[in-house]
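The structure presented is a predicted model; accordingly, all values stated were derived computationally and were not measured.
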Amino acid sequence: MTAKKSATQRLLSKVATGIQGFDEISRGGLPRNRTSLVMGGPGTGKTVFALQALVNAARERKQPGIFVAFEEGPDEICANAATFGWGLRPMANRALFFLDARLSPTVVQSGDFELSGLLAILEAKKRELGAGWIVFDGIDVLLNLLQNPGSETREIYRLRDWLARNDLTAIITAKIDGDHSSPASYGFMQFMVDCVIRFDRRLEQEISVRRLEITKYRGSDFAPGEFPLSFGPRGMDVAAPATVEILPDAELERVSSGFGGLDEMLGGGVFRGSSTLITGAPGTSKTTLAGKFAESACGRGERTLFVSFDEGGERIQRNLKSVGIHLAGHVKSGLLRMYSGRTDVNNPEEHLIRIVALLLEHRPRCVVIDPLSAIARTGALSSARAIANRLIYKMRDHRVTAVITSLVGGDDPQTEETELQISTIADTWIHLSYLVRGGERNRALTIVKSRGTRHSNQVRELVLSAAGPALADLYASGGEVLMGTLRWEKETEERAQQRQRQAEFNHKRRELQFAEADIAARITALQLDLDKQRAELALYTPEDEARHVSSADRESELRKMRRADLADTVAAAPRKRRVARISARSRTNGEKEPRRGT
């Protein structure tokens, strides 16, 4: 049981090739100390793949290697690889050994040929270098010279046994015959090796497309299907698929969109690691908003990647400078990396590979792609849609905050449909449109969606000036949003009406002030009259009291002067009453009143 388990672990052991993307789809690289067959037509990248794996092993993991060339000489191979900057010549004979194994047809056919002598030389070199890798490039050229199927099979198995004894990680390259999927005349090689990699090159929409597929891998899982590949400054890159499982994390940090008006509409900006899609017709300022986002990111000290299609970085910097967006300083400092690609000569897969390589090289926190819809111009719309989705997911996996612009589909400037159909996976969708009225064209901005955040549903006018983009405050009249000249005319009219209302108000206020002054004067006069009457009343009461006292005093004085005392007055009272009764009877009987004293 232990021996069986050890053999299984040895079979599943892998070694990385260092080729971006391939190690991901192969789940770790090539099988260690086993043989892999790389096959494909002319110009598909077989030799580059094998040589790049050999160079990466020697340079990064200090594992020397041997390259056996049956088709090209070592000098030609080094010259062809010089464009990738691997530095093959300094590594030759130290970490790498190149063996020119090209043989003349006359030599092979003159007698019984076998690989024993060649393999003996390689074994001695392997011990000298301590090599762990070996490449047999173009072995089909040698086998074709044998012109004997039995001899071909015998030498292939001789090679297999030699590789098994020497514990080398081996790569054998061979050409595919025409449109067939197997090497010419010796398809049995696919059954002999542990891993089979097929390269393909074909035309799609008049553009050359290269793809890679792992058709066999003993004892290991691998990503099924074809994957695009391209050749960049560092060599071959393979567009690996995104992770199957969606990452569980969700950022809560907010990132500014570039200016306050839009941040306010977005409820404080966009989330870190999210993707923002800006759509609109040509000329609606998609690049301007994307450039403002890039400037803001660099202003925060964050590394940023600006990818543009069909327009150079210098032109973009010049154009954005006219609206107050300055990127040149950030490019010079290294914070901003600008890359421009041609969509008329490269297929969407190559653009994806290049962008992924830039993500790994520059390590940005923010990315701008302007416009992503350009990759569909070659006509391969289905491929472009798949690449666009994979690119967005790739940036999301790298936790990169992305702003992507795209032209809207159709001829109607009011439509919001994207040709690449990426609006469903974007976290925030900003749509720019034109409002043509009153003989002028104005830009309008609206937020279609913004997942996980409060956002405005208003249509705002986007205004461009030397100070940068800005959003005008919402202005509605009669239930309709007005922009541009119509808004200016309406505002002018309202200001005139306001001035007229103000003049009327000032006139009414002056009339009121006059009325208030008149009423105040009348109140003052009435108050004076009232005070006068009160004063007269106050004088009248003391005089009346004085007059009453004076009359009583005079009566008392008169009594004293007449010497009439109180006793006489009391005694005379009965007589006065009798005289009064007599007088009354006399008047009743018609008699005359008797005179007093009788």
Side-chain angles (χ1 to χ4, degrees), residues 20-21 45 48 83-85 201 203-211 227-240 242 275 277-279 282 286-291 293-294 297 303-320 327-328 330-331 334 336-364 366-395 398 400 402-407 418-420 422:
Q20 179 62 41
V48 174
T83 57
F84 300 130
R201 179 180 179 271
L203 291 178
E204 291 184 359
Q205 303 295 332
E206 301 181 355
I207 294 181
S208 178
V209 177
R210 294 182 177 88
R211 287 188 171 86
F227 299 94
L229 61 91
S230 68
F231 301 98
R234 301 179 303 169
M236 178 182 293
D237 289 316
V238 180
S275 56
L277 174 65
I278 303 177
T279 60
K286 300 182 297 298
T287 303
T288 301
L289 294 187
F293 170 77
R303 300 176 68 86
T304 304
L305 174 65
F306 196 114
V307 178
S308 61
F309 292 109
D310 300 326
E311 190 171 15
E314 294 291 337
R315 295 172 62 88
I316 292 177
Q317 294 178 45
R318 180 202 64 186
N319 298 340
L320 292 179
L327 301 180
H330 300 304
V331 173
L336 179 62
R337 174 78 177 272
M338 300 194 75
Y339 166 78
S340 301
R342 292 280 298 273
T343 58
D344 57 343
V345 296
N346 294 325
N347 58 71
E349 289 88 350
E350 292 187 5
H351 290 304
L352 171 63
I353 294 170
R354 182 57 180 155
I355 293 174
V356 172
L358 288 171
L359 289 176
L360 296 175
E361 179 181 344
H362 190 58
R363 301 290 181 181
C366 298
V367 170
V368 170
I369 302 179
D370 177 52
L372 184 58
S373 55
I375 65 175
R377 292 176 184 170
T378 59
L381 185 58
S382 59
S383 176
R385 287 174 177 171
I387 294 302
N389 282 264
R390 289 170 62 183
L391 180 57
I392 293 177
Y393 284 126
K394 180 68 68 174
M395 290 187 292
H398 283 77
V400 172
V403 169
I404 300 169
T405 69
S406 176
L407 290 172
T418 58
E419 192 175 29
L420 295 179
I422 57 176

Working to the nearest 0.5 Å, report the span between [atom1] of [X] and [atom2] of [Y].
X	Y	atom1	atom2	result
D370	T288	CG	OG1	9.0 Å
L289	I278	CG	CD1	5.0 Å
I404	I392	CD1	CD1	4.0 Å
L305	E361	CG	CD	9.5 Å
R354	L359	CZ	CG	10.5 Å
H398	R363	NE2	CZ	6.5 Å

Set of side-chain hydrogen bond (donor to acceptor under 3.5 Å, both in side chains) partners for N389, sequence neighbours left out
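So N389 forms no side-chain hydrogen bond (donor to acceptor under 3.5 Å, both in side chains) with any residue.
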Would a 4.5 Å heavy-atom cut-off, applied to side chains only, mark [X] and [Y] as touching?
X	Y	value
I369	M395	yes
H330	T304	no
E311	N319	yes

Which pair of non-hydrogen atoms, one from [X] and one from [Y], has the smallest distance, and what is that distance?
X	Y	answer
P228	R390	CD-NH1, 4.0 Å
H362	R303	O-NE, 2.8 Å
L358	R337	CD2-NH2, 3.6 Å
F309	A374	CB-CB, 3.7 Å
V367	F293	O-CE2, 4.2 Å
F306	A294	CD1-CB, 4.1 Å

Carefully, step by step, assess L391 and L372 under the rule side chain to side chain contact (heavy atoms under 4.5 Å, CB included).
CA-CA 10 Å; L391 180 57; L372 184 58; 3.9 Å; yes
With a cut-off of 6.0 Å (strictly less than), are more than 12 heavy atoms of other residues, nucleotides or ligands near CZ of R318?
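Correct, the count exceeds 12.
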L407 backbone acceptor or donor facing S373 side chain under 3.5 Å
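Confirmed, S373 side chain pairs with L407 backbone.
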Going through the distances and angles, do T83 and F231 end up as a side chain to side chain contact (heavy atoms under 4.5 Å, CB included)?
CA-CA 10 Å; T83 57; F231 301 98; over 6 Å; no
Ignoring hydrogens and geometry beyond distance, is a side-chain donor-acceptor pair present between S340 and S308 at under 3.5 Å?
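Result is yes, a qualifying pair exists.
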